[in-house]
Colleague: 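The structure's right below; bear with me while I get my questions together.
For ligands, and for the atoms within them, numbers begin at 1 and follow the listed sequence. Please read these numbers as outputs of a predicted model, since none were measured by experiment.
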Amino acid sequence: MKTVIIGSGSWGTALAQVLQDNHHDVIIYGIEESQVRDINENHQNSVFFEGVQLNPELKATTDIEVVKEADIVLLAVPTFAIESICQKIDFLLTKKVIVINVAKGFHPETNERMSEVIRRSISSKHLSSVVSLIGPSHAEEVVIRLLTSIDSVSQNLEDAKTVQELFSNHYLRIYTGNDEIGSELGVAIKNVMAIASGIIAGLGYQDNTRAALITRGLQEMIRFGTYFGGKYQTYIGLTGVGDLIVTCTSVHSRNFEAGYKIGKENDVTDFFRTNKKTVEGVRTAKIVHKIAKENNIEMPICEEVYQILYEGKEPKTCANDLMLRELKQEF
Ligand SMILES: NC(=O)C1=CN([C@@H]2O[C@H](COP(=O)(O)OP(=O)(O)OC[C@H]3O[C@@H](n4cnc5c(N)ncnc54)[C@H](O)[C@@H]3O)[C@@H](O)[C@H]2O)C=CC1
Ligand SMILES: O=C(CO)COP(=O)(O)O
């Protein structure tokens, strides 16, 4: 089975290396010629992983026609690019493929989850099923083969198992699941919580505050996810609390890093002026704000992050408002 990974960024490269380590037939398609050359000639992707030597067998190409040979296509591009890349490959696919999604967030205009976008954008004659391969996994750790566990989630459990077997090895353990809604909503919203976690760290708060944020953030994820049909159980798993912990506490998290800068400066202006990284939680905060409002779902932490990012509210004031809002029973 041949897998084509679309996207030569950090996660696409790390996951391609997993398949190469597992001796599967895999190639990366990238639009950045310099990254593709770096992988092929230097066995590095130095923009993302400074000083890391990749599996020397790993290959990349700038030729999109390579998807014609694919049995499995893994989309490792940011959420905003998923629809356009699906439309592009749909013209080229010659048979039914499993499409693996790893992006975390929503379509920027329609607010659909990633699996929904993919099913709408690739014709059924080319799509066997969509599998989301998601969970607590910083590419920086997977690429140096540090022990990691994530979920292979699909409405089609057989295809989820195929993906589980393909990627599992001594440093990456994959579980299967079929709660597509709960899992995809969980990994999207945790990015907003990671921004919040960075903000409180930037403001100078410490461990008590972070523990409170993670716990109450999880409650918001459960409230939102179960409202739309996600299972409660999913939120005590890898795509719930697991991914929430890793992004709220890790130095690798770009969402945390963004929040930290905003908290430290007590202002969002410079972040928007300078940021060039993929920080999915920024767009997700806007979408969650809209959906929560329309459906009357209480999301106080997400709402404060939205206010900071889009309404110019001062982070210090947000922290204060969260502490002093109406007192509640915990459950
Ligand atoms: N980096 C990580 O540790 C993890 C990332 N993710 C998710 O994976 C998704 C991708 O993120 P990263 O790889 O981290 O981002 P990245 O910023 O490291 O790389 C994104 C790559 O996508 C490419 N790209 C953008 N538009 C494209 C298009 N139309 N066609 C082909 N390539 C295109 C860019 O050239 C870049 O190489 C995000 O939704 C992220 O939340 C999920 C788990 C872990
Ligand atoms: O999703 C991730 C880890 O599970 C990556 O997090 P960041 O996008 O914040 O770097």
Colleague: Taking only Lys NZ, Arg NE, NH1 and NH2, and the carboxylate oxygens of Asp or Glu, determine whether E116 and R113 approach each other closer than 4.0 Å.
Modeller: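 Judged by the 4.0 Å cut-off on N to carboxylate O distance, E116 and R113 do form a salt bridge.
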
Colleague: Is ligand 2 under 4.0 Å from a heavy atom in the side chain of P136, in the backbone, in both, or in neither?
Modeller: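 The backbone, only.
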
Colleague: May I ask you to check whether T278 has an N/O atom sitting below 3.5 Å from an N/O atom of ligand 2?
Modeller: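 There is no such contact.
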
Colleague: Are K293 and E303 ion-paired here, with the side-chain N under 4.0 Å from a carboxylate O?
Modeller: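 Salt bridge absent between K293 and E303.
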
Colleague: So, does E280 sit close enough to ligand 2 that a heavy atom of it is under 4.0 Å from the ligand?
Modeller: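 No, E280 has no heavy atom closer than 4.0 Å to ligand 2.
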
Colleague: Mark up the atoms of ligand 2 that fall under 4.0 Å of a heavy atom belonging to V246, in ascending order.
Modeller: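 So the atoms of ligand 2 that pass are 4 (O).
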
Colleague: For ligand 2, which atoms sit closer than 4.0 Å to a heavy atom of H138?
Modeller: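 Counting atoms of ligand 2 from 1, those under 4.0 Å from H138 are 3 (C), 5 (C), 6 (O).
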
Colleague: Between E280 and K104, is there a salt bridge with N-O shorter than 4.0 Å?
Modeller: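 Result for this pair is no, no salt bridge flagged.
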
Colleague: In the protein, which heavy atom is nearest to atom 4 (O) of ligand 2, and how far is it?
Modeller: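 For atom 4 (O) of ligand 2, the nearest protein heavy atom is D243 OD1, 2.7 Å.
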
Colleague: Y310 ring centre to K286 NZ or CZ under 6.0 Å, with the angle to the axis within 45°?
Modeller: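 That pair qualifies as a cation-pi contact.
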
Colleague: Heavy atom under 4.0 Å from ligand 2: found in K190's side chain, backbone, both, or neither?
Modeller: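 For K190, the contact with ligand 2 is made by the side chain alone.
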
Colleague: Whether E304 and R325 form a salt bridge (side-chain N of Lys/Arg under 4.0 Å from carboxylate O of Asp/Glu) is what I want to check.
Modeller: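 Result for this pair is no, no salt bridge flagged.
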
Colleague: Can you work out which protein residues put a heavy atom within less than 4.0 Å of ligand 1?
Modeller: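 Only S8, G9, S10, W11, I31, E32, Q35, F48, A76, V77, P78, A81, I85, V102, A103, K104, S137, H138, A139, R254, T278, E280 have heavy atoms that fall under 4.0 Å of ligand 1, ordered by chain and number.
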
Colleague: Is D179 salt-bridged to K231, going by a charged N under 4.0 Å from an acidic O?
Modeller: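 A salt bridge is absent here (no side-chain N lies under 4.0 Å from a carboxylate O).
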
Colleague: Report yes or no: does Q17 contribute a side-chain atom to a donor-acceptor pair with the main-chain N or O of V143 at less than 3.5 Å?
Modeller: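 Answer holds: yes.
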
Colleague: Looking at atom 6 (O) of ligand 2, what's its closest protein heavy atom, distance included?
Modeller: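 Minimum-distance protein heavy atom for atom 6 (O) of ligand 2 reads T247 CG2, 3.3 Å.
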
Colleague: Got the closest protein heavy atom to atom 8 (O) of ligand 2, with its distance?
Modeller: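 Minimum-distance protein heavy atom for atom 8 (O) of ligand 2 reads R254 NH2, 2.9 Å.
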
Colleague: Identify, by atom number and element, the atoms of ligand 2 in contact range of G135, meaning under 4.0 Å from any of its heavy atoms.
Modeller: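 In order of number, 4 (O).
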
Colleague: Is K261 salt-bridged to E265, going by a charged N under 4.0 Å from an acidic O?
Modeller: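 Yes, charged N to carboxylate O under 4.0 Å.
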
Colleague: Salt bridge or not between E257 and R254? Use side-chain N to carboxylate O under 4.0 Å.
Modeller: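 Salt bridge flag = no for R254 with E257.
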
